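Accompanying notes for the structure given below.
On a predicted model such as this, the values are computed, not experimentally measured, just so you know.
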Amino acid sequence: MASSSESRSRSNGKPHVLCFHQDLAPLRTVKVQGPTRGKRFYGCAHWPNSCGFFKWADEEDRVQELQFLLFERDTRIAELEILIEELENEVKNLKQANWKLEDDVAEMTIENAEQLAMISSATADRKLYNLLVASWVLFAIVLLFL
């Protein structure tokens with residue numbers, strides 16, 4: 001027997017259960033002898049020309065709950081896929097920034113080496129100039145004593 005239904009709204013605390021014809025399924029009671037005698041159920045309103053809809057009144061309707069859980073899972077998966085894509089883009093951007101910084105550091109290293117060479121050369125030139133001046137002064141002093 002089929003056991004799916006749709007609850008549209010509640011009136012007086014009782015759910016409105018629809019059969020497969022989308023008609024209100026009345027709440028009935030089992031009248032035949034047996035273990036289910038007196039048990040309440042929802043059945044097709046068109047009985048005996050029924051669509052086959054049947055649901056126990058005390059049966060927990062897990063279909064909507066499971067559908068909601070599936071929806072939540074699918075939504076979470078979609079959110080995580082978007083997050084993964086964003087993180088992959090961020091990693092790509094960070095790698096590009098890292099490459100640029102590495103290039104900048106290499107360029108600065110070359111520039112610093114050139115500047116150090118220029119400073120060393122200037123320092124050597126300054127020392128030579130001072131030595132030249134000192135030798136002229138010494139030469140002048142030697143000439144004065146002669």
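Taking the side chain as every heavy atom from C-beta outward, Phe41 and Lys55 never approach each other to under 4.5 Å. Residues Tyr129 and Lys127 are not in side-chain contact: their nearest non-hydrogen atoms beyond the backbone lie 4.5 Å or more apart. Leu69 is not listed as a side-chain neighbour of Arg73, based on a closest heavy-atom distance of 4.5 Å or more. You'll find the side chain of Glu79 stays beyond 4.5 Å of the side chain of Leu83, heavy atoms only. In this structure, Glu88 and Ile84 have side chains that are in contact, with non-hydrogen atoms separated by less than 4.5 Å.
Proximity of a side-chain donor or acceptor of Arg28 to a complementary backbone N or O of Cys44 within less than 3.5 Å is detected. Side-chain atoms of Ser120 come within 3.5 Å of backbone N or O of Leu116 as a donor-acceptor pair.
Linking Ile, Leu, Val, Met, Phe, Trp and Tyr residues whenever their side-chain heavy atoms come within less than 4.5 Å leaves Trp99 and Val91 in two separate clusters. Clustering ILVMFWY residues whenever any of their side-chain heavy atoms sit less than 4.5 angstrom apart, transitively, puts Val137 in a cluster other than the one holding Leu146. By the rule that hydrophobic residues join a cluster once side-chain heavy atoms approach within less than 4.5 Å of another member, Phe54 and Val30 end up as members of one cluster. The cluster map of Ile, Leu, Val, Met, Phe, Trp and Tyr, joined by side-chain heavy atoms under 4.5 Å apart, puts Leu27 and Phe20 in the same cluster. Hydrophobic clustering of Ile, Leu, Val, Met, Phe, Trp and Tyr side chains at less than 4.5 Å, counting indirect connections, unites Val133 with Ile141.
In this structure, CD on Glu111 lies 9.5 Å from CG on Asp104, to the nearest 0.5 angstrom. Thr75 contributes atom OG1, which lies 11.0 Å from atom CG of Leu80 (distance to the nearest 0.5 angstrom). For the atom pair CG (Asp74) and CD (Glu81), the distance works out to 9.5 Å, reported to the nearest 0.5 Å. To the nearest 0.5 Å, atoms OG1 (Thr123) and CG (Leu128) are separated by 11.0 Å. Considering OH of Tyr42 and CG of Leu24, their distance stands at 9.0 Å, rounded to 0.5 Å. Atom CG of residue Asn112 and atom CD1 of residue Ile119 lie 9.0 Å apart, to the nearest 0.5 angstrom.
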Between Cys51 and His46, does a side chain to side chain contact (heavy atoms under 4.5 Å, CB included) hold up when you go through it step by step? CA-CA 8 Å; Cys51 64; His46 301 285; over 6 Å; no
Show your working on side chain to side chain contact (heavy atoms under 4.5 Å, CB included) between Trp56 and Lys39 and close with a plain yes or no. CA-CA 8 Å; Trp56 291 112; Lys39 196 167 179 180; 3.5 Å; yes
Test log, rule side chain to side chain contact (heavy atoms under 4.5 Å, CB included), inputs Phe53 and Val17: CA-CA 10 Å; Phe53 175 76; Val17 178; 3.5 Å; yes
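Glu85 CD: 12 or fewer foreign heavy atoms inside a 6.0 Å radius. The neighbour count for Arg126 CZ, taken as heavy atoms of other residues, nucleotides or ligands under 6.0 Å away, does not exceed 12.
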